[in-house]
Structure formats: structure tokens, C-alpha cells
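Input: a single structure, listed below in C-alpha cells.
When a residue number appears, it is its place in the shown sequence, counting from 1. What you are looking at is a predicted structure, and each value in this text was computed from that prediction instead of being measured.
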Amino acid sequence: MRTKLFLVMVALIMHGAYSQNSELQHVEPPFWWTGMVNPDLQIMLHGEDIADFTPELDYQGVSIKNVEKPENSNYLIVNLSIADNTKPGSFDLTLKDGKKKVISYSYELKERDQNATYTNSFNPSDVLYLITPDRFANGNPENDSVDGLLENVNRSNPGGRHGGDIQGISDQLDYIKDLGFTAIWVNPMLENDMKEYSYHGYSTTDFYSIDSRFGSNEEYKELVSKANENGIKVIMDMILNHCGSNHWWMKDLPSSNWFNYQKEYIEEGKYQNTSHRKTVIQDPYVSQIDVKEFTDGWFVPSMPDMNQRNPHLATYLIQNSIWWIEYTGINGIRMDTYPYPEKDFMTDWTCAVKNEYPDFITVGEEWYQDPSIVSFWQQGKNNINGYTSCLPSLMDFPLQAKLSEGLNQPEGGFSGWSTTYTTLALDFMYPDPSNLVVFPDNHDMSRFFTQVNEDFNLFKLGMTYILTVRGIPQIYYGSEILMKNPGTGDHGIIRSDFPGGWEGDEVNAFSGEGLTEQQKEAKDFFRKLLNWRKSETTVHDGKLMHYNPKDGIYVLFRYTDDDKVMVVLSKNSNEITLDLSRFSEMIMGDETGFEVLTGNEINFKGSLTVPPMTPMVIDLNN
């Protein structure tokens, strides 16, 4: 009897010791809000051997709908329901082994910002300034390398970390505002704890933490607040297709289908690359193996491809996006590699975001040069296969490609400006072309100045087109000082450090010190055109009419009932006299106008003298 009692006591002591030392390694989302449109909340718990524990809580308005157990015994999925009238506060989420409390976690429900559903999102009145944060400005050198993270700063390595951070962006908001930009799109800033090539941010290793080499979650939130106070919106770059191979999931997989080709990669050492054959989504004759090889294949071995068909992962990703919107107050999302995840999940994701934030804008990256493929994904598109989407905006890769091509081609009946003109004429494929993001370049392609072979006149023609055509313009950081990547497509060179962003830089583009005369002219060009555009509602919301290019001149109008803007883009090496009678449909008796770039008054009687290789932006006076 004594022996039996002793064994029972030992068991209780051991159980007590286990309880005392047990802890949850991850609780995600780490907190949530009351008053959300969707009352359901999935909480992922991760800790050693927690699957057989029973979650309990006691908080008015919050109930446990059900508990699900993934294959891995180190995970529990707790699904809550939060009633409309639930008050903000904290409650203990307790895990019990029978009647014994094993783990207790204090979970917080925050009070929701009452204006959150009316987020001030970006729109055609904005011009986006795209920033690669590691390469823009180093505001806090103390966080360049961080103990516990694998890659340290190495500015001499084009593919290494250089030290740009949140503080650097915050410090230069006045510079961005002065140029006339009204929004910033910042490449991903979530933790990328990879051994090398981690600066770009597209290999997430923690979906709920800003990389500490950039700053903290709170600093990111403060950046959004400060930017908004200065009339600058913030667009967050997100990735739903893949994460980094050093994500903590990879060290303790929740289930056997958390990633695509997971078994092959981990157990068999085989790697399956995506086919990048994007047309499989629209192809009426497609085989399912081709669909699988596109959507399930990985980008690179260091970026595991997430399986959004797993319902727990799908909900996790949707909630993560909503969490960042609600926590930081961001004004938009740019979604990376939009067509690569499961397409029905992308509908669920876009519609879930719209459900919580009806006016919130997300722009998807569909890198394809055919509008018939890009337009497939936009909200309102009547697709022949019945696919529907809640995605408001896409990156206009077709127009970008044909602008660059048209500028570099000799002028002819079906080349040069005609290439660009013809692509814009395909706008009938889009439900809402005015909501597309137009751009001359971005972080994944050669800089625009390099695309036009460092021809400053072609550069200005292209930039003028981007800033006056329909849509929402985006300009890559450094374009205002003609940053370039001659002779190489290396992304580390394309994403070079912005001069002046580091102490000791010989050139300071922020102040203008050390810039060439041409670089200064480029900055003045942007400042003048962007600040004019900022208040020019005709360019924001007006209709568009363009004319078939002739004699190397492409003319387009932006117009409303009350105002008109005429854009004249000449690739001629000589001065041209333009007969205005061809444009009488739009000019209709207007006699004078104001040329924005020169400040000159324009007379519309009979003809217009167009200088060689010059853009003209004329605000017509009625």
C-alpha cells in the first residue's frame, strides 16, 4: 500500500513539474480585436505535446466553437466565436490535462478603431514611391546586425544586407512629400532569418514580426501613423504563396500537407520548381498535372510553397493580413506572385479583406504581358470559366512592357508609339482599368533609365506618360536621380543604395549635394509634375481619349466636363508643327492653355509647335 501511494505521489510531482515548465512556443494571432465583421477567430497554439490538452476560457461574449488537432501533436487549433457586444479585455486561455491546469496564456482582445472599416486607401489621386527598405536609408546603424539572426550587415556585397531600416524611411518622409509623392509601397519587412540573401524580404520566417534589423512592430506602426499625418499613405508588401525555409514551421511541421511537395522535398530530397506557366489558370484545355506543377511548384529551394488548400493554413494567412491592417492602419496591400497560390483561396482572401474593409485596395502582381491574362484576376471580370475575384487592382505589366518597347523602337505604322497605343486600346478587357497600377520599372527589373539606354529625353517621355495616363502611378526609389544598372541584371545592383542614405556617402541625393546637373534636372522634373498632379483631379478621375500616333507624336487627353489636359509626347529629333485641327473633338474652341513643365502659355490657334524629344503637359483653359 505504501509503495502504491509512493508511486502516485511521484507521478503527481512529475506531472506538477511538467506543468510548471510547459509553455506555448507560439500563439498566433498573438492578440485580436472586438467588433470585427467576422466573429470567428482561429488561434494556432504551438508547444510540446499539447494536442491532448483541453482548452478552456471564461470570458463574457467569447466561446470555444471547436478544437481541431493537426497531425503533429505539438499543435492545437482553437476556434473562437466573439459576440458583437464583447468588451475589450484579456482572458486566460487555459490548457488542461483532465482537471489539472497545465498551461495558461493571457489572450488580449483589443478595442477596435471605430474608423478602421473606412481605411483611407490609395487610389488614382496618388503616386506611389516604391522603396526597398534595406537600400533606402540607414536611420539606425545599431540594428544593422542583430544577435540571434543569421545574416549580418555587409554593404560591400550587392546581395547582402546594407542596413536600411524603418527609421531611415521615417527620417525622409519630408523628402518624399516634397517631391510630390502621396504614398509609399515598401518591399516586405517581416522577419527573414535566412543565412544569406535575406535583405529583399520575400522569404518570411515569422509572419507576425517585423525583422528587427529593420526595427520593431511598433516602429512600423509609428511609421504608418507619421506618414499618414504627413499626407502619405503606406502600402504593405505581402506574400501568400511561399515563406522562407527557416520559418519555424519547417522545424516542426504542423501537418503532412502544410507545404506543396512537402514529402518529396523533406523525405526524398527532391525539389519541384514551379513551371511558371501562368496560362494554365485560364487554359480551357489544361491538364491537371500542368496546373499542379504551376501552383504547387516552388520558386527556389529556399522558399517552401505553402498549400492554401489546407484549411488551417488558409485561415491563418487570411487572419494574418487582417491583423496587419488592423494593427498598423496601413492604407493598402501589394500582393506578391498573385496567380501562384490556389486561385479559389485568393478569392477567399480578397473577399475576406473586402468584408472587413470595403474601401481597402489591394494590388496583385500578375507579371504577364497580355491583358487577357492580367484582367482575369480583377474584381468584376466576367470570366468564361466562372471564376470571380474581389481583387480591386493589378500591376499593369502589359503597359509597362509596351511603353519600354515603344520608346526603344523606331517610329513606324505599327512600331514605336503605336506599340504603346495599341496596348492601351486593350483596356476593354479590364472591368476597371482606372484602378490599375502603372509603372515604368520596379525592384525586379532593370531601372527605367537603363531600359531607355540612358537617354534622358526618352526617360522624361516615358515618365510623363506614366504620370498622366489612366491608373495609379508607381515610381521606384532613385528614379528621380536617374539610378541605373548598366550592363547587368543583378538585382543587388538594380536595388543599389540610395546615395545619402548612409553616413559618409560622397553623394547625398536627399540634399542634392554631389548630384550631376542632369540628376538635378530629373529631380526638378519629378517635383514639378508630381506636385501639379497632386491637385489635378482631371488626371485622377477624368476620362481618357488618345489619338493614333503619327509622325512620332503620341497625343492623349484627360478630361472631365469642367477641365481638360492635353499630353503631347514627341520622339522627333526635330521641332514639329502639329496641326491642331485633328484634335478639334477635344479642343473645341479652347484658345489657350498652360504648359505645366515650362510654365509657358500655349496658343491653340491653328497649330502647336512641339520641341524635339519633349513631353508637353498642357492644362487647357475653358
- Heavy-atom closest pair, residues Ile166 and Met189: CG1-CE, 3.1 Å

- Glu111 CD: over 12 foreign heavy atoms closer than 6.0 Å: no

- With sequence neighbours excluded, residues passing side-chain contact (heavy atoms from CB on, under 4.5 Å) with Asn123: Ser125, Asp126, Lys233

- Using only heavy-atom distances, determine whether the side chains of Ser121 and Asp359 contain a donor-acceptor pair under 3.5 Å. no

- Message: Taking Leu515's backbone N and O only, do any of them form a donor-acceptor pair with Gln519's side chain (distance below 3.5 Å, no angle check)?
- Response: no

- What are the two closest non-hydrogen atoms of Tyr202 and His443, and how far apart are they? OH-NE2, 3.0 Å

- Task: Applying side chain to side chain donor-acceptor pair (under 3.5 Å), run through Gln409 and Thr419 and close with a yes or a no.
- Result: CA-CA 9 Å; Gln409 288 175 342; Thr419 301; 2.7 Å; yes

- Message: A side-chain contact here means heavy atoms from C-beta on lying under 4.5 Å apart; do Pro133 and Asn187 qualify?
- Response: yes

- With distance as the sole test, does Glu513 use its side chain to make a donor-acceptor pair with the main-chain N or O of Val507 at under 3.5 Å? no

- Under the 3.5 angstrom rule, does the side chain of Lys571 hit a backbone N or O of Gly416 as a donor-acceptor pair? no

- Within 45° cone of Tyr477 ring axis and under 6.0 Å: Arg135 NZ or CZ: no

- salt bridge (Lys or Arg N to Asp or Glu O under 4.0 Å) partner of Arg495, chosen from Asp441, Asp444, Asp490: Asp444

- Could you go through the side chain to side chain contact (heavy atoms under 4.5 Å, CB included) check for Glu521 and Phe456 one step at a time? CA-CA 10 Å; Glu521 184 181 344; Phe456 187 40; 3.4 Å; yes

- Query: Closest heavy-atom contact between Arg533 and Pro473?
  - Reply: NH2-CD, 3.4 Å

- Message: Looking at Lys402 and Glu405, is there a salt bridge between them, counting it only when a charged N and a carboxylate O are closer than 4.0 Å?
- Response: yes

- Item | Gap separating the CG atom of Leu317 from the CG atom of Leu240, nearest 0.5 angstrom | 5.5 Å

- Query: Between CG of Asp178 and CZ of Phe526, what distance do you get to the nearest 0.5 Å?
  - Reply: 14.0 Å

- Check against salt bridge (charged side-chain N to carboxylate O under 4.0 Å, His left out), Lys520 and Glu517: CA-CA 5 Å; Lys520 292 177 182 178; Glu517 290 305 311; 3.7 Å; yes

- Message: Taking Val153's backbone N and O only, do any of them form a donor-acceptor pair with Ser145's side chain (distance below 3.5 Å, no angle check)?
- Response: yes

- Query: When you check the gap from the basic side-chain N to the acidic O, do Asp396 and Arg470 get nearer than 4.0 Å?
  - Reply: yes

- Partners of Ser198 by side-chain hydrogen bond (donor to acceptor under 3.5 Å, both in side chains), sequence neighbours excluded? Glu151, Arg161

- Give a yes or no on whether the backbone of Gln451 and the side-chain of Asn408 come within a donor-acceptor separation of less than 3.5 Å. yes

- Given side chain to side chain contact (heavy atoms under 4.5 Å, CB included), test Ile232 with Ile176 step by step and report yes or no. CA-CA 9 Å; Ile232 298 173; Ile176 296 169; 4.2 Å; yes

- Lys251 atom NZ, over 12 foreign heavy atoms within 6.0 Å: yes

- Message: Using side chain to side chain donor-acceptor pair (under 3.5 Å), reason through Asp237 and Trp185 one step at a time and then give a plain yes or no.
- Response: CA-CA 7 Å; Asp237 208 335; Trp185 155 24; 3.0 Å; yes

- Task: Take atom CD of Glu196 as the centre, draw a 6.0 Å sphere, and report whether it contains more than 12 heavy atoms from other residues, nucleotides or ligands.
- Result: no

- Roughly how far, to the nearest 0.5 Å, is the CE atom of Met335 from the CE atom of Met236? 10.0 Å

- With the threshold set at 4.0 Å, does a side-chain nitrogen-carboxylate oxygen contact exist between Arg527 and Asp524? yes

- Message: Test of understanding: with ring pair (Phe, Tyr, Trp, His ring centres under 6.0 Å), list the residues that count as partners of His242, not counting sequence neighbours.
- Response: Phe299

- Message: Holding to side-chain contact (heavy atoms from CB on, under 4.5 Å), I want the full list of residues that pass it with Asp505, two or more places apart in sequence or in another chain.
- Response: Arg155, Trp502

- Message: Within the supplied structure, the quantity of interest is the number of heavy atoms (other residues, nucleotides, ligands) at a distance under 6.0 Å from Gln25 CD; does it exceed 12?
- Response: yes

- Taking the six-membered ring for Trp and the single ring otherwise, decide whether the centroids of Tyr316 and Trp249 are under 6.0 Å apart. yes

- Item | Sub-4.5 Å side-chain heavy-atom contact between Tyr465 and Leu556 | yes

- Message: Within this structure, what is the CD-CZ distance for the pair Gln369 and Phe397, rounded to the nearest 0.5 Å?
- Response: 9.5 Å

- Closest non-hydrogen contact found for Glu536 with Asp619 is OE1-OD2, 3.1 Å

- Item | Ring centres under 6.0 angstrom apart (Phe510, Phe136) | yes

- Task: Could you pull out the closest heavy-atom pair between Ser209 and Trp324, with the gap in Å?
- Result: N-CZ2, 4.0 Å

- Query: Would a 4.5 Å heavy-atom cut-off, applied to side chains only, mark Phe439 and Leu399 as touching?
  - Reply: no

- Is a side-chain donor or acceptor of Asp211 paired with a backbone partner of Arg213 at a separation under 3.5 angstrom? yes

- Query: Does the pair Trp323 and Glu28 meet the rule for a side chain to side chain contact (heavy atoms under 4.5 Å, CB included), with working shown?
  - Reply: CA-CA 10 Å; Trp323 188 90; Glu28 295 182 340; over 6 Å; no

- Message: Between Asp336 and Asn241, is there a side-chain heavy-atom distance shorter than 4.5 Å?
- Response: no

- Could you grab the distance from atom CD1 of Ile235 to atom CD1 of Ile184, nearest 0.5 Å is fine? 8.0 Å

- Query: Can you tell if the side chain of Phe498 reaches within under 4.5 Å of the side chain of Glu480, non-hydrogen atoms only?
  - Reply: yes

- Query: Do Trp298 and Pro304 come within less than 4.5 Å of each other through their side chains, counting heavy atoms only?
  - Reply: yes

- Message: Just so I know, are the side chains of Thr350 and Tyr338 near enough to count as touching, which here means a heavy-atom distance under 4.5 Å?
- Response: yes

- Side chains of Asp497 and Asn138: does their closest heavy-atom pair fall under 4.5 Å? no

- Query: Who passes side-chain contact (heavy atoms from CB on, under 4.5 Å) against Asn273, sequence neighbours left out?
  - Reply: Tyr271, His276

- Task: Could you tell me which residues satisfy side-chain contact (heavy atoms from CB on, under 4.5 Å) with Asn228, sequence neighbours excluded, listed by chain and number?
- Result: Val224, Asn331

- Which heavy atom in Met483 sits nearest to a heavy atom in Pro499, and how many Å separate them? SD-CD, 4.3 Å

- Task: Kindly say whether His540 contributes a backbone atom to a donor-acceptor pair with the side chain of Thr537 at under 3.5 angstrom?
- Result: no

- Message: Is it true that Ser446 and Asn485 share a donor-acceptor pair across their side chains at a distance under 3.5 Å?
- Response: yes

- Message: Nearest 0.5 Å, please: how far is OG in Ser570 from CE in Met616?
- Response: 10.0 Å

- Aromatic plane relationship, Phe31 with Trp33 - under 30° parallel, 30 to 60° tilted, over 60° perpendicular: perpendicular

